[in-house]
Amino acid sequence: MQDKCGIVGAYSHNKSHNISREIYYGLYALQHRGQESAGISAHNGKEMRTYRGMGLVCDVFNNGNIEGLEGNVGIGHVRYSTTGKSQIQNSQPFISKFDMGSIAIAHNGDIINSMELRRELEEEGRKFLSSTDSEVICHLLTKEYSKTQDMVESIKNVSQKLIGSYSLVLLVNDDLMVVRDPIGIKPLSLGEREGTTIVASETVAFDVVGANYVRDVEPGEILVINDEIKSFKIPRNPGTPRAHCMFEYVYFARPDSILDGRVVYNVRKNIGKYLCKEHPVDADVVMPVPDSAITAAIGYSRASGIPYGEGLIKNRYIGRTFIMPTQEERETSVKLKMNPIRSELEGKSIVLVDDSIVRGTTSKSLVKVLREAGVKEIHLRIGSPPIISPCYYGIAMATKKELIAADQAVEEIRKTLGVDSLGYLSIESLVKCIGIEGDNLCLGCLTGDYPTELPANLDEYESCRC
Ligand code: AMP
């Protein structure tokens with residue numbers, strides 16, 4: 001399973017202020033969005049400098065060493081990639097020269113038609129240094145710029161060619177430019193702190209540098225940020241709904257973030273409440289699969305009156321990337337990740353809350369661990385509806401045939417997992433919990449209906465190149 005990326009951009013009106021420090025801390029706050037590589041580009045009024053590396057933000061920047069990246073404007077990126085593509089060439093920001101100077105780009109999202117676009121560019125003689133779709137965007141922008149001599153016009157024109165999700169921060173010489181795709185699949189927020197403008201995938205990046213959340217970047221909005229902020233709109237068909245990713249609320253974003261005006265923590269508490277309404281059960285204790293399901297489990301416990309408790313302790317030093325190639329190793333990895341507290345579990349009937357089931361590996365392994373620890377009954381409650389179809393916009397969960405709910409009904413899944421009862425949240429309730437109309441959410445992985453065209457050749461399509 002792959003995660004998505006995190007981006008930050010910042011501009012200080014004080015030309016002698018070094019903004020890279022804020023970008024570094026912002027990336028630190030977004031570490032959950034990608035742990036494979038990190039990078040920062042900054043412009044000091046004369047030149048653009050970039051540093052990128054493989055690994056966690058604190059390792060890449062050696063615990064906050066941002067020497068050489070001085071500048072009052074910059075962008076940053078954390079990335080998660082698929083196995084095999086975890087290479088320095090694919091880390092971001094991606095940098096390039098063009099007619100008017102230098103451009104750096106950091107992208108969160110997935111461009112579905114990037115292979116066709118890349119092929120066209122290669123046929124024109126353009127050379128690629130990475131296998132990312134972000135480089136495709138960069139080539140398209142510089143090509144367009146050579147015709148229009150106007151970066152905002154170029155962004156508008158290029159966006160007409162892109163199918164998929166993209167939240168972008170661009171450093172175009174010493175201007176910060178920000179783009180959110182016209183249907184707003186990926187989050188992107190705008191913040192402010194005395195003379196500093198900051199944009200980030202999640203508002204937690206503002207909290208860490210003492211900036212205030214101002215608003216979300218609107219779907220289809222382009223911001224040009226220098227001594228003033230100018231806003232432009234990507235032309236789109238009137239009435240096109242938005243398509244915010246539901247999985248950000250269910251699993252991906254930090255609970256202390258605000259996404260499109262919704263506090264993720266409240267959404268997850270509601271998820272627990274609605275799970276209890278839809279799937280009540282008599283049990284001794286409500287327990288989360290830590291950490292991602294803690295808030296939903298609290299919601300379930302409060303709504304049901306069943307006490308909340310901990311039965312599994314997570315090893316915090318194992319990241320989300322801890323994925324093993326064989327099933328046996330995957331099961332061991334669950335044991336390394338989660339350890340049961342036998343005294344809290346023995347002879348108990350538990351409501352076990354998790355945020356999602358993708359392949360079913362985690363639930364199956366946990367059930368084994370819990371049974372071995374003496375649990376009497378396991379009532380599994382899942383904070384999302386069944387995931388039946390892949391994501392083409394950056395959360396590469398699994399292929400369709402790997403998804404346990406793609407061809408199994410709930411009762412079959414219950415038997416496969418070996419639990420006493422199983423309840424998934426309904427789509428209707430999920431939409432209520434998020435508080436955004438269903439028409440304005442991307443529910444593609446739950447329904448198989450996607451908010452954009454899909455590529456003709458899905459087999460050729462490889463996900464998560466952000
Ligand atoms: P699985 O074991 O394949 O059923 O995956 C489900 C578990 O992985 C749940 O406990 C989730 O918290 C977690 N999860 C869900 N989506 C992702 C993702 N995109 N990347 C990493 N972990 C995930």
Side-chain angles (χ1 to χ4, degrees), residues 1-6 31-36 78-83 108-110 165 186 245-255 264 268 271-272 287-297 311-312 314-316 318-338 352-370 378 380-406 408 410 413-414 416-419 422 424-425 442 444-446 463-464 466:
M1 264 184 315
Q2 295 87 39
D3 297 346
K4 309 183 289 183
C5 307
Q31 187 75 82
H32 62 290
R33 298 185 73 86
Q35 301 97 44
E36 292 239 336
V78 285
R79 174 171 198 261
Y80 190 110
S81 74
T82 50
T83 324
N108 173 207
D110 217 346
S165 59
K186 302 293 177 198
C245 168
M246 70 85 197
F247 209 59
E248 290 278 352
Y249 294 97
V250 164
Y251 166 80
F252 201 69
R254 274 178 47 165
V264 177
R268 292 196 188 153
I271 284 176
M287 290 178 166
V289 175
D291 293 329
S292 48
I294 290 175
T295 319
L312 293 161
K314 185 175 174 183
N315 180 341
R316 300 246 146 78
I318 297 176
R320 288 181 177 188
T321 54
F322 195 76
I323 300 166
M324 301 304 246
T326 68
Q327 189 60 24
E328 200 188 333
E329 283 172 305
R330 266 183 232 133
E331 280 169 24
T332 314
S333 85
V334 170
K335 282 196 182 150
L336 273 176
K337 218 171 174 177
M338 311 270 187
L352 182 67
V353 180
D354 202 355
D355 56 86
S356 59
I357 300 180
V358 182
R359 291 183 178 85
T361 315
T362 309
S363 317
K364 219 166 149 185
S365 310
L366 283 180
V367 167
K368 208 167 148 213
V369 165
L370 292 167
I378 303 173
L380 184 60
R381 299 293 178 264
I382 303 298
S384 82
I387 295 173
I388 61 158
S389 210
C391 172
Y392 297 105
Y393 306 110
I395 301 185
M397 296 154 167
T399 58
K400 184 155 180 122
K401 64 176 187 309
E402 291 170 312
L403 295 169
I404 194 169
Q408 290 191 39
V410 175
I413 300 173
R414 185 195 69 73
T416 309
L417 300 180
V419 290
L422 171 63
Y424 283 93
L425 189 70
C442 176
C445 60
L446 309 177
S463 190
C464 206
C466 70

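All ligand and atom numbering here is 1-based and tracks the order in the structure.
For atom 10 (O) of ligand 1, the nearest non-hydrogen atom from the set D354, V334, L417, V358 belongs to D354. Heavy-atom proximity to atom 7 (C) of ligand 1, evaluated over T362, D291, V289, is greatest for T362.
Ion pairing of E402 with R359 is present here, as a side-chain N (NZ or NE/NH1/NH2) and a carboxylate O approach within less than 4.0 Å. One finds no salt bridge joining D355 and R268 here, because no Lys/Arg side-chain nitrogen approaches an Asp/Glu carboxylate oxygen to under 4.0 Å.
Applying side-chain contact (heavy atoms from CB on, under 4.5 Å) to L380 and the options I357, L366, V353, V289 leaves one that passes, I357. Tested against I413 for a side-chain contact (heavy atoms from CB on, under 4.5 Å), the candidates V419, L422, I382 yield a single pass: L422.
For ligand 1, the atoms lying closer than 4.0 Å to a non-hydrogen atom of R359 are 1 (P), 3 (O), 4 (O). Proximity to I357 (heavy-atom distance under 4.0 Å) selects the following atoms of ligand 1: 4 (O). Every atom of ligand 1 with a heavy atom of I395 under 4.0 Å away is listed here by number and element: 19 (N). Shown in contact with S356 at under 4.0 Å from a heavy atom are these atoms of ligand 1, numbered in order with element: 6 (C), 9 (C), 11 (C), 15 (C). Near T361, meaning under 4.0 Å from any of its heavy atoms, are these atoms of ligand 1: 1 (P), 2 (O), 4 (O). Against a heavy-atom cut-off of under 4.0 Å, F247 is close to the following atoms of ligand 1: 15 (C), 16 (N). The distance from ligand 1 to the heavy atoms of D355 drops below 4.0 Å at these ligand atoms: 11 (C), 12 (O). Under a 4.0 Å criterion applied to the non-hydrogen atoms of S292, ligand 1 contributes the atoms 12 (O).
Shown here for I271 and A296, the closest heavy-atom pair between the two residues is CG2-CB, 4.3 Å.
In this structure, F252 does not count as a contact residue of ligand 1, since none of its heavy atoms falls inside 4.0 Å of the ligand. Remark: distances from the non-hydrogen atoms of G360 to ligand 1 include one below 4.0 Å.
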Audit row: L312, L370, side chain to side chain contact (heavy atoms under 4.5 Å, CB included) steps and yes/no: CA-CA 9 Å; L312 293 161; L370 292 167; 3.9 Å; yes
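The main-chain N or O of Y393 is found under 3.5 Å from a side-chain atom of K186 such that the two form a donor-acceptor pair. Without hydrogens or angle criteria, K400 side chain to I388 main chain gives a donor-acceptor distance under 3.5 Å.
Contact of the L403 side chain with the V358 side chain is registered, since non-hydrogen atoms from C-beta on lie closer than 4.5 Å.
The shortest N or O to N or O distance between Y251 and ligand 1 is below 3.5 Å.
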